Asks: 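Once you've had a glance at the structure underneath, I'll fire off some questions.
Keep in mind that this is a model prediction, so the values were computed, not measured. Whatever order the structure lists ligands and atoms in, that order sets their numbers, starting from 1.
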Amino acid sequence: MPTVLIVGTQWGDEGKGKLVDYLTENAEVVARYQGGQNAGHTVVIGDRKFVLHLLPSGILRTEKLSIIGNGTVVEPVDLLAEIDGLRAKGIEVGENLMLSKGAHLIMPYHMAIERAVENRMGDKKIGTTLKGIGPAYTDKAARSGIKVVDLLMPELFREKLHNNLEYKNMLLEKIYGEKPLDAGTIYDDYMRHAERLAPFIGDTDVAVNAAIGQGKNVLFEGAQGTLLDIDHGTYPYVTSSNASAGGVCTGLGVGPTKVDRAIGVVKAYTTRVGGGPFPTEIEGPIGQELQRKGGEFGATTGRPRRCGWLDMVGLKYAAMINGLTGIAVTKLDILDGLEEIKVCTSYKRGSETLKNFPREAAIMEECEPQYETFSGWKESTAGLKDFSELPDNAQQYLRGIEKMLGVEIQMISTGPKRDELILIKEQF
Ligand code: GDP
Ligand code: IMO
Ligand code: MG
């Protein structure tokens with residue numbers, strides 16, 4: 001019984017949520033390993049739309065166990081609001097959810113500091129989701145973070161909060177000219193949240209490994225994408241966690257020998273939200289059309305997503321970093337009606353041709369994409385479920401991607417709904 005990783009290969013929003021929801025039908029456990037409520041994973045079931053932020057997308061299938069791993073960062077107000085929102089829609093959240101003791105808490109000062117820092121950076125700002133993600137991971141690395149388990153030990157929590165806040169308030173007041181935060185208020189709020197979160201808190205590493213040991217089908221759900229990974233992405237325009245495959249091991253306590261498959265989610269074009277280099281960005285009507293037709297507006301912040309052509313240089317890099325065993329191509333239907341479709345095959349930097357992804361934002365800014373052009377198709381591919389029904393040119397585009405990448409296409413998504421999918425290879 002395999003374990004399968006669903007990982008973004010671009011700058012996020014590839015359609016991971018839809019695929020995780022689909023695959024959860026045959027899985028018993030779904031686990032998030034990194035990130036926080038910066039993620040926005042959309043699942044459409046019939047005429048109902050759900051956007052999951054920290055909860056795994058498997059949560060909608062309430063008979064499955066959903067796990068929030070130690071590699072994530074947890075903002076209690078947002079998490080509780082997410083749970084309440086689902087309950088209000090009739091989705092049960094109870095014993096089917098487990099939250100790691102080891103995950104780090106996002107505190108009010110993390111969000112306050114992030115806002116102050118981003119404001120100061122002007123046009124050099126990262127364009128974060130302002131959810132406190134970066135500052136929370138900063139404290140984790142600095143060994144001053146407060147963990148979920150600390151919520152269960154009020155005196156220890158109080159001590160850690162006071163130690164942190166003394167310094168954070170100095171930063172807020174003296175460096176950023178912001179108002180200080182009140183320790184008593186934060187303590188009371190977090191203890192109230194602790195009471196509600198306590199039933200979910202557990203040893204998720206033990207639970208995941210037990211499931212794997214029992215031969216259960218387990219899904220690992222990545223948030224963000226490989227090019228936003230703190231180590232492998234377009235630093236500094238990245239998120240603050242390991243969104244790529246390596247994050248599974250550290251973020252869940254699962255050994256590398258226990259990850260059987262890694263499916264890279266590839267949007268049929270590319271989007272990016274926030275700042276940072278984007279060589280294949282399309283400025284002009286085609287980019288605007290993809291944005292409109294693809295509904296490319298952030299699921300978390302509502303910001304418009306920048307749109308561009310598929311970038312093989314980035315995708316090959318993502319295939320390597322994640323050890324992809326297959327890919328799922330999503331939003332093919334959004335390309336319907338285009339005259340031609342471009343795919344970037346290399347970058348030119350001055351007289352040099354780069355076939356390897358440069359990563360560093362400063363170098364990427366100087367890169368000119370080199371394209372191969374595919375013919376478009378006029379027919380609609382929306383909702384198709386069989387590869388043979390696809391127009392010839394769509395088939396050729398997909399075959400072209402597969403050949404250039406050297407990784408098999410195992411799923412093709414042709415619409416936002418659960419069943420709008422061409423299944424080429426079963427995962428479980
Ligand atoms: P995620 O963050 O990777 O889960 O992706 P998002 O949910 O942020 O963005 C993907 C968007 O595309 C969502 O609105 C999905 O409902 C939608 N979507 C996913 N797959 C398809 C598809 O194949 N076709 C179309 N038209 N929409 C899709
Ligand atoms: P999902 O899981 C797209 C981007 C932000 C910003 C950068 C850093 O839905 O694919 P952060 O708040 O994480 O410190 O912001 O990362 N970003 C995402 N972009 N999809 C996401 O998640 C993202 N999560 C963060 O826009 O550029
Ligand atoms: Mg998203």
Asks: For atom 3 (C) of ligand 2, what's the nearest protein heavy atom and its distance?
Replies: Asp13 OD2, 3.2 Å
Asks: In terms of residue, atom name and distance, what is the protein heavy atom nearest to atom 23 (O) of ligand 1?
Replies: Ser413 OG, 2.5 Å
Asks: Can you find an N/O atom of Glu14 closer than 3.5 Å to an N/O atom of ligand 2?
Replies: no
Asks: Using a 3.5 Å distance criterion without hydrogens, assess whether the side chain of Glu366 forms a donor-acceptor pair with backbone atoms of Ile363.
Replies: no
Asks: Taking the six-membered ring for Trp and the single ring otherwise, decide whether the centroids of Trp11 and Tyr237 are under 6.0 Å apart.
Replies: no
Asks: What residue and heavy atom of the protein are closest to atom 11 (C) of ligand 1, and at what distance?
Replies: Lys331 NZ, 3.5 Å
Asks: Is the ring pair Trp377/Tyr397 parallel, tilted or perpendicular, if the boundaries are 30 and 60 degrees?
Replies: tilted
Asks: For Val238 and ligand 2, answer yes if some heavy atom of the residue is under 4.0 Å from a ligand atom, otherwise no.
Replies: yes
Asks: Return the residue, atom name and 0.1 Å-rounded distance of the protein heavy atom closest to atom 2 (O) of ligand 1.
Replies: Gly40 O, 2.9 Å
Asks: Heavy-atom contacts with His41 under 4.0 Å: which atoms of ligand 2 show up? List them by number with element.
Replies: 1 (P), 2 (O), 9 (O)
Asks: Do Arg32 and Glu221 meet the salt-bridge criterion of a basic N to acidic O distance under 4.0 Å?
Replies: no
Asks: Can you tell me if CD on Glu173 sees more than 12 non-hydrogen neighbours from other groups inside 6.0 Å?
Replies: yes
Asks: Could you go step by step and tell me if Thr234 and Arg272 meet the side chain to side chain contact (heavy atoms under 4.5 Å, CB included) rule?
Replies: CA-CA 12 Å; Thr234 48; Arg272 171 161 211 170; 3.3 Å; yes
Asks: Taking only heavy atoms of Lys18, which atoms of ligand 1 are found under 4.0 Å from at least one of them?
Replies: 20 (N)
Asks: Once you round to the nearest 0.5 Å, how far does NZ of Lys342 lie from CD of Glu372?
Replies: 12.5 Å
Asks: Begin from the C-alpha positions of Ile68 and Leu54 and carry the test side chain to side chain contact (heavy atoms under 4.5 Å, CB included) through to its verdict.
Replies: CA-CA 8 Å; Ile68 300 174; Leu54 181 59; 4.0 Å; yes
Asks: Tell me, which protein residue and heavy-atom name are nearest atom 16 (O) of ligand 2, and how many Å apart are they?
Replies: Leu228 CD2, 3.6 Å
Asks: State the atoms of ligand 2, each with its element, that fall below the 4.0 Å cut-off from a heavy-atom position in Ala223.
Replies: 2 (O)
Asks: So is Arg305 close enough to ligand 1, meaning a heavy atom under 4.0 angstrom away?
Replies: yes
Asks: Quick one: look up the protein heavy atom nearest atom 7 (O) of ligand 1 and list residue, atom name and how far away it is.
Replies: Thr42 OG1, 2.6 Å
Asks: Number the atoms of ligand 1 from 1 as they appear, then name those within less than 4.0 Å of a heavy atom of His41, with their elements.
Replies: 1 (P), 2 (O), 4 (O), 7 (O)
Asks: Under a 4.0 Å threshold between the charged nitrogen and the carboxylate oxygen, would Arg305 count as salt-bridged to Glu296?
Replies: yes
Asks: Judged by atom type as modelled, is there a donor-acceptor pair below 3.5 Å linking the side chain of Glu340 to the main-chain atoms of Phe374?
Replies: no
Asks: If you measure from each heavy atom of Arg303 to ligand 2, is any distance below 4.0 Å?
Replies: yes
Asks: Among all the protein's non-hydrogen atoms, which is closest to atom 24 (N) of ligand 1, and how far away is it?
Replies: Asp333 OD1, 2.8 Å
Asks: Salt bridge check: are Arg87 and Glu82 linked by an N-O gap of less than 4.0 Å?
Replies: no
Asks: Quick one: does Gly40 get within less than 4.0 Å of ligand 2, heavy atoms only?
Replies: yes
Asks: With a 4.0 Å cut-off on heavy atoms, is Gly12 in contact with ligand 1?
Replies: no
Asks: Can you tell me if Gly295 contacts ligand 1 (heavy atom of the residue under 4.0 Å from the ligand)?
Replies: no
Asks: Would you mind listing which atoms of ligand 2 come within a distance below 4.0 Å of any non-hydrogen atom of Trp11?
Replies: 3 (C), 19 (N)
Asks: What are the atoms of ligand 1, with element, lying closer than 4.0 Å to any heavy atom of Gly17?
Replies: 4 (O)
Asks: Return the minimal non-hydrogen interatomic distance between Tyr176 and Ile113, and the atom names on each side.
Replies: CE1-CG2, 4.4 Å
Asks: Only distances under 3.5 Å count here; give the side-chain donor-acceptor pairs of residues 307-315 to other protein atoms, sequence neighbours excluded, each with its distance to 0.1 Å.
Replies:
from   : atom 1 : to     : atom 2 : distance (Å)
Asp311 : OD1    : Val313 : N      : 3.0
Asp311 : OD1    : Gly314 : N      : 3.3
Asp311 : OD2    : Tyr347 : OH     : 2.4

Asks: Does ligand 2 come near enough to Val273 that some N or O of the ligand is less than 3.5 Å from an N or O of the residue?
Replies: yes
Asks: Only one of Lys140, Lys160, His104 clears side-chain contact (heavy atoms from CB on, under 4.5 Å) with Ile146; which?
Replies: Lys160
Asks: Around the Mg ion (ligand 3), how many protein N, O or S atoms are closer than 2.8 Å?
Replies: 2
Asks: Is the shortest distance from a heavy atom of Lys131 to ligand 2 less than 4.0 Å?
Replies: no
Asks: Does Tyr269 offer a backbone N or O that forms a donor-acceptor pair with the side chain of Gln10 under 3.5 Å?
Replies: yes
Asks: Regarding atom 5 (C) of ligand 2: of the candidates Gly274, Gly222, Gly127, which has the closest heavy atom?
Replies: Gly127
Asks: Could you tell me whether Arg399 and Glu402 make a salt bridge, using a distance below 4.0 angstrom between a side-chain N and a carboxylate O?
Replies: yes
Asks: Between Thr226, Asp229, Thr9, Asp231, which is the residue that forms a side-chain hydrogen bond (donor to acceptor under 3.5 Å, both in side chains) with Ser244?
Replies: Asp229
Asks: Within a distance under 4.0 Å of any heavy atom of Lys16, pick out the atoms of ligand 2 and give their elements.
Replies: 1 (P), 2 (O), 10 (O)
Asks: Between the side chains of Lys168 and Asp139, is the shortest nitrogen-to-carboxylate-oxygen separation below 4.0 Å, so that they form an ion pair?
Replies: yes
Asks: My understanding is that we take every heavy atom of each candidate and find the minimum distance to atom 21 (C) of ligand 1. Doing that for Gly15, Gly415, Gly298, which one comes out nearest?
Replies: Gly415
Asks: Is any NZ, NE, NH1 or NH2 atom of the basic residue among Lys125 and Glu118 found under 4.0 Å from an Asp or Glu carboxylate oxygen of the other?
Replies: no
Asks: Starting from atom 10 (C) of ligand 1, which protein heavy atom do you reach first, and at what distance in Å?
Replies: Asp13 O, 3.9 Å
Asks: Taking non-hydrogen atoms only, is Ile334 closer than 4.0 angstrom to ligand 1 via side chain, backbone, both or neither?
Replies: side chain
Asks: Quick one: does any side-chain atom of Asp182 pair with a main-chain N or O of Thr185 as donor and acceptor, under 3.5 Å?
Replies: yes
Asks: Can you tell me which residue and heavy atom of the protein come closest to atom 12 (O) of ligand 2, and the distance to 0.1 Å?
Replies: Thr129 OG1, 2.5 Å
Asks: Counting C-beta onward and ignoring hydrogens, is there a side-chain heavy-atom pair between Thr330 and Leu19 closer than 4.5 Å?
Replies: yes
Asks: Got the closest protein heavy atom to atom 25 (C) of ligand 2, with its distance?
Replies: Gln224 CG, 3.7 Å
Asks: Does the N or O separation between Ser240 and ligand 2 drop below 3.5 Å for any pair?
Replies: no
Asks: Does an N or O anywhere in Thr239 fall below 3.5 Å from an N or O of ligand 2?
Replies: yes
